[in-house]
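These notes concern the structure reproduced below.
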Amino acid sequence: MPQNHHSKDTTETSIPRRAAVAGAGALAVAGVAGVAACGSGDGGGNGGNGGSSGGDAPETGTVLGNASDVQVGGGAVFADAEVVVTQPSEGDFQGFSAVCTHQGCIVEKVEGGTINCGCHGSKFNAADGSVAQGPASDPLPKRQVEVNSSGEIVVG
Ligand code: FES
């Protein structure tokens with residue numbers, strides 16, 4: 001008699017346990033959906049930057065940044081103004097369009113004496129913007145830049 005009662009008890013407890021597992025599964029799905037929404041928001045922001053590349057020169061007098069950010073033998077990409085500035089030798093600042101002549105990406109960085117595009121690997125000589133490595137076939141157009149009395153690089 002007491003044994004019979006015990007086995008009935010066991011059957012009853014297994015039902016709520018299964019319900020609890022199903023509830024946890026639903027929570028996990030909701031969590032994943034939240035993360036995905038965040039990720040797509042970030043991607044949208046980046047895409048907007050690329051879409052603005054029309055190849056137009058920025059306005060004369062636009063401050064790009066500090067001359068000290070452009071190392072001798074290196075350079076800096078000012079993506080907002082779509083200008084890349086290099087300093088092949090001390091005090092010699094060269095400005096170029098930062099819009100890759102291959103398919104219009106903003107070039108990624110200046111490294112190893114070349115201005116490098118991260119999209120398909122084109123490289124341009126930091127001293128004169130000429131093509132050092134394809135697939136681009138045209139040089140980066142020149143942009144006039146100057147250093148003002150405050151040590152800032154401005155579009156000339
Ligand atoms: Fe720069 Fe293709 S857009 S290499």
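Sequential numbering from 1 along the given sequence is applied to the chain's residues. We count ligands from 1, going down the list as the structure has it; atoms in each ligand are counted the same way. Just so it is clear, the structure is predicted and the values come from calculations on it, not from any experiment.
Using modelled atom types and a 3.5 Å distance limit, the side chains of Asn116 and Thr114 yield a donor-acceptor pair. When only modelled atom types and interatomic distance are considered, Gln94 and Asp92 share a side-chain donor-acceptor pair under 3.5 Å.
Side chain of Gln87 to main chain of Gly91: a donor-acceptor pair is present (N/O by atom type, distance under 3.5 Å, no hydrogens or angles).
Distance check, rounded to the nearest 0.5 Å: CZ of Phe96 to CG of Asn125 gives 9.0 Å.
Inspection of the environment of atom 1 (Fe) of ligand 1 yields the following protein N, O or S atoms under 2.8 Å: Cys100 SG, Cys117 SG.
Looking at Arg143 and Pro58, their side chains come closer than 4.5 Å, going by heavy atoms from C-beta outward.
Atom CD of Gln133 has more than 12 heavy atoms from other residues, nucleotides or ligands within 6.0 Å.
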